[in-house]
Amino acid sequence: MTARFYVTTPIYYVNGAPHIGHAYTSIAADVVARFHRLSGHDVFFLTGTDEHGQKVEQAAQAADVAPKEFVDAISANFRDMADAMAISYDDFIRTTEPRHIKSAQALWQKVADSGAIYLGAYEGWYALRDECFYSEDELVAGPDGTKRAPTGAPVEWVKEPSYFFRLSDYQDKLLELYETHPEFLGPNSANRELVSFVKQGLRDLSVSRTSFKWGIPVPGDDAHVMYVWFDALANYLSALDYPDTDAPRAAFWPANLHLVGKDIARFHAVYWPAFLMAAGLEVPRKVFANGWWTVEGEKMSKSLGNVIDPRDLVQEFGLDAVRFFLLREVPFGGDSDLSRKSLIMRNNVELANDLGNLCQRTLSLVARNCDGIVPERRELTEEDSKLLGQVAVLPNLMASQIERCALTDALEDVWKVIRAGNAYIDHQAPWALRKTDVERMKDVLRVLLDTLRGIATVLQPFMPQSMDRMLTQLGVEAAERSFAALDVILPAGRTLPAPQGIFPRYVEQAPE
Ligand code: ME8
């Protein structure tokens with residue numbers, strides 16, 4: 001049976017335009033989804049938008065439009081951003097869709113039936129910006145001396161009737177989950193933080209609100225709408241048509257990977273498994289939290305005017321240079337800074353020089369000296385075998401990195417082979433062999449073509465558009481681009497198209 005793989009991005013709030021931070025998590029999830037597809041797995045990749053809650057209601061009011069009209073426009077903008085970044089999602093879920101509302105209510109009912117929800121009254125601190133409740137001892141003093149959430153968000157004292165989820169009952173079960181499945185939450189830093197948070201003790205969680213209307217009504221009590229996080233987390237099930245266990249997608253549960261930002265690790269690794277346990281459902285196999293991007297050393301914020309729309313970067317640098325930079329710059333899971341200088345540097349050194357030149361040099365030698373025809377694969381020298389051996393192990397090597405969400409390490413594995421390829425071409429010097437030993441020149445070029453095919457194949461998840469072009473230039477047909485296809489050596493004699501550069505060098509325009 002084909003292995004299934006279900007991977008998700010967070011569903012993004014529609015209270016503002018998409019920016020590079022949103023694109024980042026989606027690109028990372030896309031790489032994982034594409035990698036599994038190329039491995040022959042049956043993949044379901046979900047993204048979407050989170051459209052309820054007080055924050056969205058207020059943003060719509062500020063814009064003076066009805067909430068539905070407001071969320072329709074911003075959700076469409078997020079979808080457009082996902083398409084522009086070549087995010088290969090299988091479904092785009094919106095929490096205002098009837099299918100989601102139905103599922104979220106079914107999940108609520110299931111949790112309530114288990115006795116894990118009771119009616120009480122909530123009195124305490126709420127930070128609207130984080131859509132999160134905080135206890136007194138979590139608060140810090142703001143710059144003006146007022147109480148703030150640990151994230152710096154302003155808090156308000158809220159008092160209203162509320163349904164509660166018996167989170168306090170789940171402390172031991174959660175700790176057992178973290179202990180028996182250390183891979184459940186990564187990276188280690190997020191794991192340590194969550195374990196210590198849960199060890200401090202969990203209080204029951206307020207899961208409904210009565211002070212605003214823009215949400216999913218609580219089954220059986222229309223005066224309440226669900227807490228936006230209960231609603232939002234349910235998206236991972238509603239896209240699978242929960243509670244219909246006969247639905248074709250139902251088999252994708254439990255999710256293999258929820259990719260999230262570190263700001264929302266707590267919701268995914270504490271609340272979500274607790275809700276699922278109460279509903280008698282399996283918990284996801286893994287939650288992984290990516291780090292935080294700043295821009296030229298500053299936090300992105302509307303007031304600083306430095307919020308970057310990823311589509312603008314793509315316009316200037318090309319999609320794959322941006323995707324590559326984001327995943328290459330910092331070990332995945334860590335924080336990083338987006339600077340023009342480093343983006344240009346990575347593009348010019350690693351893409352244009354290391355990979356682009358290796359490909360261009362090889363293809364132009366084939367064009368010039370072999371009439372553009374793929375030479376035969378013949379007996380290999382020790383050096384040939386060594387290079388091809390390095391290429392052959394890449395899919396497995398990378399699979400274990402992807403499994404750990406070590407996306408940057410996976411790229412580094414490929415770059416080691418690219419560097420080895422460059423050392424090989426320099427050492428073998430096929431341009432010199434042209435005059436001394438034409439047959440050996442052909443052998444060397446064939447080894448290089450096969451090396452480049454392997455490299456381009458494994459890089460497809462990271463840079464789908466340029467690797468598509470590269471594979472076409474290498475004469476690799478569409479059906480020959482999976483990892484399994486790498487086991488079959490391509491026939492000689494194919495005529496390659498005239499070589500064209502894949503990665504142009506970026507030259508900064510001098511100011512006028
Ligand atoms: O939290 N650096 O939505 P959201 C890296 N609706 N990643 C960033 C980032 C940055 N500077 N800024 C945003 C929500 N992100 C909820 C999620 S899921 C059931 C509900 C990414 O629009 C990161 O993945 O605030 C973060 O977790 C997510 O965007 C937050 O998106």
Side-chain angles (χ1 to χ4, degrees), residues 7-30 32 46-56 59 71 74-75 77-79 81-82 85 87 92-96 100 103-104 107 127-132 151 153 187 190 214-216 226-239 255 257-273 275-276 284 287-302 304 306-310 325-327 329-330 332-338 405 407:
V7 52
T8 67
T9 75
I11 49 169
Y12 303 107
Y13 281 131
V14 290
N15 55 345
H19 59 64
I20 194 77
H22 305 120
Y24 179 53
T25 311
S26 291
I27 291 168
D30 184 58
V32 174
L46 180 69
T47 189
T49 42
D50 185 359
E51 308 189 4
H52 289 128
Q54 200 173 359
K55 208 156 73 166
V56 175
V71 299
I74 302 191
S75 176
N77 197 8
F78 269 93
R79 193 190 265 260
M81 183 274 281
M85 307 313 285
I87 307 303
F92 188 102
I93 188 126
R94 300 183 52 190
T95 56
T96 49
H100 171 73
S103 288
L107 182 66
L128 181 59
R129 202 169 83 192
D130 303 343
E131 297 273 22
C132 189
T151 55
W214 186 241
I216 300 182
M226 289 178 198
Y227 172 40
V228 65
W229 272 101
F230 191 98
D231 167 350
L233 288 161
N235 91 87
Y236 302 130
L237 283 172
S238 48
L257 175 63
H258 292 314
L259 261 191
V260 299
K262 64 178 183 180
D263 56 328
I264 57 174
R266 185 195 292 193
F267 299 96
H268 283 80
V270 181
Y271 301 172
W272 183 225
F275 296 159
L276 290 164
V287 174
F288 193 90
N290 65 236
W292 218 242
W293 282 91
T294 50
V295 172
E296 308 288 349
E298 306 260 20
K299 199 174 160 206
M300 251 185 293
S301 82
K302 275 191 200 151
L304 286 174
N306 64 349
V307 179
I308 294 197
D309 187 323
F325 172 79
L326 291 173
L327 294 177
E329 183 68 357
V330 64
F332 193 67
D335 296 335
S336 191
D337 183 51
L338 185 110
C405 288
L407 305 185

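One-based numbering, in listed order, for ligands and for the atoms of each. What you are looking at is a predicted structure, and each value in this text was computed from that prediction instead of being measured.
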Centroid-centroid distance, Trp293 to Tyr24, less than 6.0 Å: yes
Location of contacts on [X] toward ligand 1, heavy atoms closer than 4.0 Å:
X	result
His268	side chain
Asp263	side chain
Asn290	side chain
Trp229	side chain

Below 4.0 angstrom from a heavy atom of [X], which ligand 1 atoms are there? Numbered from 1 as shown, please.
X	value
Thr25	21 (C), 23 (C), 24 (O)
Met300	11 (N)
Ala232	19 (C)
Ile264	1 (O), 17 (C), 27 (O)
Asp50	6 (N), 16 (C), 20 (C)

What's the shortest distance from [atom] to any protein heavy atom, and which residue and atom give it?
atom	value
atom 19 (C) of ligand 1	Tyr236 OH, 3.5 Å
atom 22 (O) of ligand 1	Tyr13 N, 2.9 Å
atom 17 (C) of ligand 1	Ile11 O, 3.1 Å
atom 28 (C) of ligand 1	Tyr12 CE2, 4.0 Å
atom 12 (N) of ligand 1	His19 CE1, 3.2 Å
atom 5 (C) of ligand 1	Gly291 O, 3.3 Å

Geometric class of the His22/Phe78 ring pair [parallel <30°, tilted 30-60°, perpendicular >60°]: perpendicular
Residue selection (non-hydrogen contact nearest atom 21 (C) of ligand 1) among Gly21, Gly261, Ala28: Gly21
Nearest-option assignment for atom 13 (C) of ligand 1, heavy atoms, candidates Tyr24, Trp293, Trp292: Trp292
Got [X] and [Y] here, is their nearest side-chain heavy-atom distance under 4.5 Å?
X	Y	value
Phe325	Leu338	yes
Asn306	Glu296	no
Pro273	Val287	no
Tyr13	Val228	yes

Result of checking Val71, Val14, Ile11 against Arg94 for side chain to side chain contact (heavy atoms under 4.5 Å, CB included): Val71
Modelled atom types, side-chain donor and acceptor of Ser103 and Ser238, under 3.5 Å: no
Thr96 and Glu51: side chain donor to acceptor below 3.5 Å: yes
Ligand 1 to Val260 polar contact by distance, N or O atoms, under 3.5 Å: no
Donor-acceptor under 3.5 Å (Ser26 side chain, Ala23 main chain): no
Main-chain N/O of Gly291 paired to Lys262 side chain as donor or acceptor, under 3.5 Å: no
